[in-house]
Amino acid sequence: MGQGFFRVLAVCAALAAAAFEARAQQGADAATVPGLPPIGKWMLTGQGVPSDWLGEVYRGKNLREPINVIVVDEGASSAEDAKARLLAAAGRAGYPVRFGHSAGYQGLIGGRLHAQLPAGRDDAFSNDVFEVSNNHGRIFGPHAFGQAYVFTGAFSREEVDVFREPAHRYASFNRARDDFTQRLDSLTVYKVSGFVPLGNALIDDPKLTTGDHDGMAVVVRAGR
């Protein structure tokens with residue numbers, strides 16, 4: 001056998017090791033929440049590693065993007081119905097699908113990776129256009145759990161100033177989380193039912209931070 005064959009084997013082994021490491025990391029970074037499947041703590045990239053807000057450095061540390069919203073739909077008739085109901089509710093709450101945001105992220109629910117909603121190439125749920133300061137987020141799921149469908153979400157606020165570099169900068173996780181869930185509560189059938197700790201606030205890490213995130217996810221539920 002030639003050297004080329006062994007190079008291919010080495011590359012395959014490296015890829016398998018990286019995939020195993022990513023799966024191990026995902027498993028370690030899931031929170032146990034009573035009455036729900038294990039909830040991944042972070043928004044993940046397409047490669048399965050925690051997202052870093054496009055490399056943003058905040059107060060000297062790299063940002064890590066936490067999951068801060070959990071949606072439980074107990075009235076949907078199918079996974080597709082759950083998606084359609086949530087997309088419609090987000091629009092009614094003032095968070096329609098808008099372009100101009102990075103995409104291709106994933107979330108971990110019940111040990112499974114779920115692609116983001118919305119599914120467009122550069123889409124996110126946002127309360128304003130990307131050229132101005134806005135709250136925006138991605139939602140992951142649904143994950144079938146008993147008679148319900150579970151989604152998770154990662155929402156953040158960015159401040160936009162075209163006279164700065166970069167023009168789009170992180171501002172808050174909590175403000176976006178609270179605005180999105182409160183507007184769902186007041187304008188749709190999705191009602192805030194509580195808060196759950198996910199243990200994903202990075203406070204004393206020397207290299208990483210979650211900004212103002214308090215480690216809590218807001219839970220909203222929808223019935224029939």
If I compare all heavy atoms of [X] with all of [Y], which pair ends up nearest, and what's the gap?
X	Y	answer
A82	Y190	O-OH, 4.4 Å
P66	A154	O-CB, 3.5 Å
V150	P37	CG2-CD, 4.1 Å
A30	P38	CB-CB, 4.3 Å
A201	G215	CB-N, 3.6 Å

Does one hydrophobic cluster hold both [X] and [Y], with members joined at side-chain heavy-atom distances below 4.5 Å?
X	Y	value
Y105	V49	no
V97	L187	no
V69	L117	yes
M43	L54	yes
I109	L198	yes

Is the shortest side-chain heavy-atom distance between [X] and [Y] below 4.5 Å?
X	Y	value
H114	H143	yes
T152	I39	yes
H213	N200	yes
E56	R169	yes
K191	S193	no
S102	D122	no
V129	R98	yes
V220	V72	no

Working to the nearest 0.5 Å, report the span between [atom1] of [X] and [atom2] of [Y].
X	Y	atom1	atom2	value
Q116	F151	CD	CZ	13.5 Å
S172	E159	OG	CD	9.0 Å
L36	F145	CG	CZ	6.0 Å
L63	L208	CG	CG	9.0 Å
M216	I70	CE	CD1	10.0 Å
L202	T209	CG	OG1	7.0 Å

Original post:
Partners of D214 by side-chain hydrogen bond (donor to acceptor under 3.5 Å, both in side chains), sequence neighbours excluded?
Top reply: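 Result, side-chain hydrogen bond (donor to acceptor under 3.5 Å, both in side chains) vs D214: R177.
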
Subject >> Pairing residues for T210 by the side-chain hydrogen bond (donor to acceptor under 3.5 Å, both in side chains) criterion, not counting sequence neighbours >> reply: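 Applying side-chain hydrogen bond (donor to acceptor under 3.5 Å, both in side chains) to T210 gives none.
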
**OP:** Keeping to residues at least two apart or across chains, list the salt bridge (charged side-chain N to carboxylate O under 4.0 Å, His left out) pairs with something in residues 66-83.
**Re:**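 The answer is D73-R85, E74-R221, E80-K83.
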
Can you name the residues that form a ring pair (Phe, Tyr, Trp, His ring centres under 6.0 Å) with [X], not counting sequence neighbours?
X	value
H136	H101
F99	F130
F173	Y170

Original post:
Does the pair Y95 and R183 meet the rule for a side-chain contact (heavy atoms from CB on, under 4.5 Å), with working shown?
Top reply: CA-CA 9 Å; Y95 281 78; R183 290 182 67 83; 4.0 Å; yes

Check whether [X] reaches the backbone of [Y] with its side chain - one donor and one acceptor, N or O, closer than 3.5 Å.
X	Y	result
K207	G60	no
S133	V160	yes
N134	V132	yes
K41	D29	no

**OP:** Using the side-chain contact (heavy atoms from CB on, under 4.5 Å) rule, take Y149 and V71 through it: C-alpha gap first, then chi angles, then the decisive distance, then the call.
**Re:** CA-CA 8 Å; Y149 292 93; V71 178; over 6 Å; no

**OP:** List the steps and the verdict of side-chain contact (heavy atoms from CB on, under 4.5 Å) for V192 and V219.
**Re:** CA-CA 6 Å; V192 173; V219 181; over 6 Å; no

Subject >> S156/R138 under side-chain hydrogen bond (donor to acceptor under 3.5 Å, both in side chains): CA gap, chis, key distance, verdict >> reply: CA-CA 9 Å; S156 62; R138 296 93 178 168; 5.2 Å; no

Original post:
So F180 and F155, would you call those rings parallel, tilted or perpendicular, with 30° and 60° as cut-offs?
Top reply: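 Answer is parallel, since the angle falls under 30°.
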
Original post:
Within 45° of the ring axis of W42 and under 6.0 Å from its six-membered ring centre, is that where the NZ or CZ of R64 lies?
Top reply: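 Judged by the rule, R64 and W42 form a cation-pi pair.
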
**OP:** Please step through side-chain contact (heavy atoms from CB on, under 4.5 Å) for the pair N68 and V218, ending with a clear verdict.
**Re:** CA-CA 6 Å; N68 53 11; V218 177; over 6 Å; no

**OP:** Have a look at R157 and tell me which of D212, D179, N135 forms a side-chain hydrogen bond (donor to acceptor under 3.5 Å, both in side chains) with it.
**Re:**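 Of D212, D179, N135, side-chain hydrogen bond (donor to acceptor under 3.5 Å, both in side chains) with R157 is met by N135 alone.
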
